[in-house]
Amino acid sequence: MSEPLIKLLLAHHRDVKPAHTLTALKANVEVIVLPAQLSELGSFESVDLFALLVDARSGISKEMIELWHHFQERQFPRAMIVQGIEFSESDFDDIVLIGNRVLEQFATPYLVLHDDLGQPTALISLEDNLVHDYSGAEKNRYSADSELMDLISEFQEEYLQLYKELGEEGFFQGIFAIAIPIGSEKPFGIPELNMVIEALSKR
């Protein structure tokens, strides 16, 4: 018997076109297009996960900040989903830094890896050092080499420290938020986000 689908509330600015890869999310997705008045949006009691879709090309608007803080204050599980990094000078890390400043401090379970042409093609998990490689026709997983582990060591230390301080359940309890990059062409980030959704559905 399959787990019941969680309700995911996805908010984005009207200037942002959600990546088609988001259609593979294993959740009941309800979309809010901003700007919209909070008073017009009805009750959010049945929402299991609030996700803010940020495009690297357009950044974070004041309406997005206002809506984010609404869910932060009520301790809903929260995720910032970052798309458009293939087409922008701003990468995932840049958007996370902005998010840290205007929304809240984010945990980043995955970092983006780029190919020789500078295109994002893989993610590395800061939890288990596994590379999730999307450069081929099918997703491939393998352990990071020592050089790559050295490059991510500082980010990994911060990530693990956050979990140590706030607890492994902190995200699910709405104590802290996560940020996940997704591809607009290659589907990186979607299976990873679905793992979060699956874990949430079991609580």
Side-chain angles (χ1 to χ4, degrees), residues 6 8-13 16 18-19 22 25 27 32 34 47-85 88-114 120 122-130 132 151-184 188-200 203:
I6 71 164
L8 187 159
L9 188 65
L10 182 71
H12 65 85
H13 200 272
V16 169
L22 286 164
L25 289 180
I32 291 178
L34 298 171
V47 171
D48 299 299
L49 174 62
F50 171 68
L52 185 65
L53 180 63
V54 177
D55 195 292
R57 292 164 290 188
S58 52
I60 302 172
S61 69
K62 61 181 178 55
E63 292 88 2
M64 295 161 82
I65 295 169
E66 181 184 352
L67 187 60
W68 181 274
H69 288 155
H70 175 88
F71 286 95
Q72 180 188 15
E73 288 163 6
R74 289 157 181 79
Q75 291 197 327
F76 281 82
R78 303 172 302 286
M80 179 173 68
I81 302 171
V82 181
Q83 70 170 33
I85 56 177
S88 173
E89 290 183 5
S90 299
D91 60 20
F92 176 62
D93 297 341
D94 294 330
I95 300 299
V96 170
L97 285 173
I98 294 168
N100 286 343
R101 192 171 71 246
V102 301
L103 299 175
E104 64 177 294
Q105 190 73 27
F106 284 93
T108 52
Y110 302 94
L111 297 180
V112 180
L113 302 178
H114 299 78
L123 302 180
I124 180 167
S125 168
L126 296 184
E127 201 160 315
D128 55 19
N129 296 321
L130 279 179
H132 299 194
L151 284 172
I152 67 162
S153 62
E154 191 176 325
F155 296 99
Q156 188 171 44
E157 192 176 328
E158 286 179 14
Y159 174 77
L160 296 176
Q161 184 65 28
L162 181 79
Y163 269 77
K164 186 178 177 182
E165 291 173 359
L166 300 178
E168 289 187 8
E169 293 293 305
F171 165 71
F172 299 105
Q173 294 168 355
I175 297 169
F176 65 86
I178 61 171
I180 292 185
I182 66 163
S184 299
F188 62 81
I190 299 299
E192 290 75 17
L193 198 49
N194 277 333
M195 285 194 289
V196 173
I197 289 169
E198 183 183 355
L200 191 57
R203 279 165 169 77

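- With rounding to the nearest 0.5 Å, the separation of CG in L130 from CD1 in I124 is 8.5 Å.
- L52 contributes atom CG, which lies 7.0 Å from atom CG of L67 (distance to the nearest 0.5 angstrom).
- A 4.5 Å side-chain heavy-atom check between M80 and I95 finds at least one atom pair inside the cut-off.
- Counting heavy atoms from C-beta on, the side chains of V54 and I98 never come closer than 4.5 Å.
- L111 places a side-chain heavy atom less than 4.5 Å from the side chain of F155.
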Test side chain to side chain contact (heavy atoms under 4.5 Å, CB included) on Y163 and F176; report intermediate values, then the result. CA-CA 10 Å; Y163 269 77; F176 65 86; 3.7 Å; yes
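- Contact annotation: the side chain of P109 never approaches that of E192 to less than 4.5 Å [non-hydrogen atoms, C-beta and beyond].
- Proximity of N129 to Q156: side-chain heavy atoms (C-beta onward) are separated by under 4.5 Å at one or more points.
- Under the side-chain hydrogen bond (donor to acceptor under 3.5 Å, both in side chains) criterion, E154 pairs with no residue at all, not counting sequence neighbours.
- If you take CG on D48 and CD1 on I197, they are separated by 10.0 Å, rounding to the nearest 0.5 Å.
- Relative orientation of the F50 and F71 rings is parallel, given thresholds of 30° and 60° on the angle between their planes.
- Pairs of residues two or more places apart, or lying in two chains, that qualify as salt bridge (Lys or Arg N to Asp or Glu O under 4.0 Å) and include a residue from residues 50-65 are D55-R57.
- A donor and an acceptor atom, one from each side chain of Q161 and E157, are nowhere located under 3.5 Å apart.
- Looking at L49 and F171, their side chains come closer than 4.5 Å, going by heavy atoms from C-beta outward.
- With contacts defined as side-chain heavy-atom distances shorter than 4.5 Å, the pair L10/L25 does not qualify.
- Annotation: the span from Y110 atom OH to L193 atom CG amounts to 9.5 Å, rounded to 0.5 Å.
- Using a 4.5 Å heavy-atom cutoff, the side chains of I85 and F188 are in contact.
- A side-chain contact (heavy atoms from CB on, under 4.5 Å) with M64 is found for exactly one of H69, H13, H12, namely H13.
- Residue pairs meeting the side-chain hydrogen bond (donor to acceptor under 3.5 Å, both in side chains) criterion with at least one member in residues 91-105, sequence neighbours excluded, are W68-E104, R78-E104.
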